[in-house]
2 protein chains.
Amino acid sequence: MALITDARLPLHIRVRDELLRRISDRIWTAGEALPGEDRLAAELSISVGTMRKVIQSLVQEGVLERVHGKGTFVTSAFERTSMLRFVRFRGPGENTLPKATILQLTTKKASGEIASKLQLKPGASVIYMHRSRSYDDEVVLVEHIWLSHKRFSKLLPYLQTESPPLLYPVYDSVCGVLVHRAIDELEMDSISSEDAKVFDVPVNSSCMRIERVMHDHAGDVVEWRVSFVPANRFHYTVEIR
Amino acid sequence: MALITDARLPLHIRVRDELLRRISDRIWTAGEALPGEDRLAAELSISVGTMRKVIQSLVQEGVLERVHGKGTFVTSAFERTSMLRFVRFRGPGENTLPKATILQLTTKKASGEIASKLQLKPGASVIYMHRSRSYDDEVVLVEHIWLSHKRFSKLLPYLQTESPPLLYPVYDSVCGVLVHRAIDELEMDSISSEDAKVFDVPVNSSCMRIERVMHDHAGDVVEWRVSFVPANRFHYTVEIR
DNA sequence: CAGTGGTCTAGACCACTCC
DNA sequence: GAGTGGTCTAGACCACTGA
C-alpha cells in the first residue's frame with residue numbers, strides 16, 4: 001500500500017490524509033475497530049511511533065477514539081454537533097431527544113446567497129427543509145436547512161416516511177455523507193412571523209439565531225443551517241483554555 | 001532536580017505538573033523562553049522524547065507556544081479569554097480595545113452565593129467591581145466582577161489611579177495571579193434598571209448574560225464575573241470538531 | 001493467553017532563527 | 001555556526017481487555 005499525496009509533505013501529514021480518506025470512503029465505519037497500530041504501520045511502511053502520533057492527533061480532534069486493550073474506533077460525532085447543545089433541558093428526562101417534525105421539504109434552485117454558502121453555482125438544485133424540535137409539544141428549536149440536491153437526493157424518499165430526531169446519522173447511513181467540522185455563528189434576533197406560529201409565541205419575541213456551516217472530512221461544505229431558539233430556552237456553556 | 005509528585009503516577013504526568021508549577025510560581029514568565037527541551041530533559045533525568053510529549057500537550061492546551069528555531073514560551077492567554085470575543089466589532093478600528101470605566105469598586109462580605117462561586121467561606125472579604133467597556137462612548141459591555149480580597153488586596157490601590165482595558169494582565173503583574181481556564185455560561189436576559197442607565201437603553205432591553213468562572217493553573221477559582229452585552233452588539237463564533 | 005494501546009527511551013537527521 | 005524545535009525510527013516493557 002502506497003501513500004497518494006505529495007511526497008514533499010511530512011510523512012505524518014500524508015498518513016493522516018490517508019486515514020481520513022479511509023474514514024471518508026467508509027472503509028472504516030463508526031463503531032468498528034481499526035487494525036492495530038503495528039499492522040497499520042507495517043502496511044504503510046512507516047514506524048509504529050509515527051503511526052501512533054498520527055492516531056493521537058486524530059483522537060485529539062475527535063475523529064477517532066481509543067480504548068486501552070480494545071482498539072481504535074471511528075467516532076460518531078453526532079452528540080457533539082447536535083444543535084441541542086444550545087438548548088436548555090428541563091421538563092422531560094435529561095437524555096430524551098426532542099421530537100422532530102418536518103414542516104416543509106422541497107427542492108429549489110439555489111439563490112445567490114445559498115449557492116455561495118453551499119459552494120455551489122447559483123441556480124443549482126438544492127433541498128430546503130423546515131423542521132421543528134419539541135418536547136411535549138413545546139417547540140424548543142426551529143431549523144432551516146439547505147443541502148445540495150446532487151449529494152442528498154436519496155434523502156427525499158427517506159424523509160417521506162421517517163422523521164428522525166438526528167439528521168447527521170441519516171446523512172451518513174442514507175447518503176454516505178459523514179459530517180466532521182462545523183462553524184456556528186450566534187446572534188440575538190427576533191422571531192419571524194413564520195416561526196412565531198411554530199413556536200406559538202408573539203412575532204418579534206426575542207430569540208437566538210444560530211447559523212451553521214457544516215463540513216465533511218474533505219473540508220467541503222455539506223450543509224447550511226439557520227436555527228432559532230426562543231430566549232427562555234437558550235443556554236450554552238463553553239470552556240476557554 | 002527531582003520531581004515532587006507521587007512516583008506511582010506516569011512520568012509524563014509528573015513532569016507536566018512540574019512544568020505547570022514553574023509557570024504558576026513565575027519561575028518562567030510570559031514571553032520568556034524556556035530552556036531547550038534537551039536541557040530540561042537532562043535536568044529532570046528523563047528522555048527528550050518524553051519531554052517533547054509533555055511540552056506538546058501543554059502547547060495543545062494553550063499554556064505554551066513553540067516557535068521553530070526560537071524556543072518555547074509561556075503563553076499570555078489574555079486575548080483568548082477576553083470578554084470581547086462575545087462582542088461584535090464595528091464602528092472604530094478592528095484592533096482597538098474599548099475604554100474601560102470603573103463605575104464602582106468596593107470591599108464587601110461575601111454572600112452565600114458569591115462565597116460558593118469563589119470557593120470561600122460565607123462572610124469572607126471580597127472585592128466587587130462594576131465596570132463598563134465602551135467605544136466612542138457607546139457602551140458595549142458591562143461587567144460585575146467578584147474577587148477574593150485576600151488574594152487581590154493589591155488591586156485596590158492600583159485601580160485608584162489606573163483603569164486598564166484588560167484586567168487579567170493586571171491580576172498577573174500586580175497580584176501575581178495568572179489566569180488559565182474559564183467556563184462561560186451564556187443565557188439571554190433583559191437589562192436591569194441599574195445597567196440600563198449605563199448602556200443608555202430602556203430597562204428590560206434584550207441582552208446576553210455571560211457568567212464566567214475563571215480558574216488558575218492549580219484549578220482554584222480566581223474570579224467570578226457576570227457580564228452583559230446588548231442584543232445588537234452580541235456576536236459569537238465557535239468551531240465544533 | 002493473544003492482542004490491544006500506554007509509557008519511556010535513545011538517537012539520527014532535518015529545518016528554522018539569529019548572530 | 002550554535003541553538004532551537006520538527007520529523008522519524010526502533011525497540012523494550014507495562015497495563016488493560018476479552019476469550
Side-chain angles (χ1 to χ4, degrees), chain A residues 1-20 22-23 28-75, chain B residues 1-20 22-23 28-75:
Chain A
M1 179 61 212
L3 292 170
I4 295 167
T5 49
D6 192 332
R8 290 169 301 183
L9 290 169
L11 190 49
H12 67 271
I13 301 285
R14 301 174 63 210
V15 172
R16 177 198 152 87
D17 288 346
E18 172 62 19
L19 298 194
L20 282 176
R22 293 186 186 188
I23 294 165
W28 299 322
T29 60
E32 185 189 353
L34 273 58
E37 55 189 25
D38 50 352
R39 266 182 287 162
L40 278 175
E43 187 206 344
L44 298 176
S45 308
I46 62 168
S47 77
V48 181
T50 301
M51 183 52 79
R52 278 191 68 77
K53 184 179 165 186
V54 172
I55 291 174
Q56 293 292 6
S57 84
L58 291 174
V59 168
Q60 191 69 38
E61 293 176 43
V63 177
L64 298 176
E65 286 173 325
R66 310 195 91 176
V67 183
H68 195 168
K70 297 181 78 169
T72 303
F73 304 85
V74 178
T75 310
Chain B
M1 180 60 211
L3 292 168
I4 295 167
T5 49
D6 192 332
R8 289 169 302 185
L9 289 169
L11 191 49
H12 68 269
I13 301 286
R14 302 174 63 210
V15 173
R16 177 198 152 86
D17 288 346
E18 173 62 18
L19 299 193
L20 281 176
R22 294 189 185 187
I23 294 165
W28 300 322
T29 61
E32 185 189 353
L34 273 56
E37 55 190 25
D38 50 353
R39 267 182 286 161
L40 278 175
E43 186 206 345
L44 297 176
S45 308
I46 63 168
S47 76
V48 181
T50 301
M51 183 53 77
R52 278 191 69 78
K53 184 180 165 187
V54 171
I55 291 174
Q56 293 290 7
S57 84
L58 291 175
V59 169
Q60 191 68 38
E61 293 176 42
V63 177
L64 297 176
E65 286 173 323
R66 310 195 93 178
V67 183
H68 195 169
K70 298 181 77 171
T72 303
F73 305 85
V74 177
T75 310

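These values consider heavy atoms only, across backbone and side chains, with no hydrogens, waters or symmetry-generated copies. Below, chain A is the first sequence line, B the second, and so on; all start at residue 1.
- Taking atom CZ of residue Arg39(A) and atom P of nucleotide dG3(C), one finds them 8 Å apart after rounding to whole Å.
- Here the closest heavy-atom approach between residue Leu40(A) and residue Pro35(A) is recorded as CD1-O, 3.6 Å.
- Rounded to an integer number of Å, the gap from Leu40(B) CG to dT4(D) C1' is 12 Å.
- For the pair Leu34(B) CG and dT4(D) P, the computed distance is 11 Å after rounding to whole Å.
- In this structure, the CD atom of Glu37(A) is 11 Å from the P atom of dT7(C), given to the nearest Å.
- Not a single donor-acceptor pair under 3.5 Å links the side chain of Thr72(A) to the backbone N or O of Arg66(A).
- Of all heavy-atom pairs between Leu58(A) and Leu20(A), the closest is CD2-CD2, 4.1 Å.
- For dG5(D), neither phosphate oxygen OP1 nor OP2 lies less than 4.0 angstrom from any side-chain nitrogen or oxygen of Gln56(B).
- The existence of a salt bridge linking Lys70(B) and Glu32(B) is excluded, since no basic side-chain nitrogen approaches an acidic carboxylate oxygen closer than 4.0 Å.
- One can place CG of Leu58(B) at 16 Å from C1' of dG5(D), the figure rounded to the nearest angstrom.
- Taking only side-chain nitrogens and oxygens, Thr72(B) comes nearer than 4.0 Å to OP1 or OP2 of dG5(D).
- Side chains of Ser57(B) and Gln60(B): a donor-acceptor N/O pair is absent below 3.5 angstrom, by distance only.
- Here Glu65(A) lies out of heavy-atom contact (under 4.0 Å) with every strand.
- Atom CZ in Arg66(B) sits about 13 Å away from atom C1' in dC16(C), given to the nearest Å.
- Between the side chain of Thr50(A) and the main chain of His12(A), no donor-acceptor pair closer than 3.5 Å is present.
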How does each nucleotide of nucleotides 8-19 of chain D score, in 5' to 3' order, for protein heavy atoms under 4.0 Å: base (B), sugar-phosphate only (S), or none (-)? SB-----BBSS-
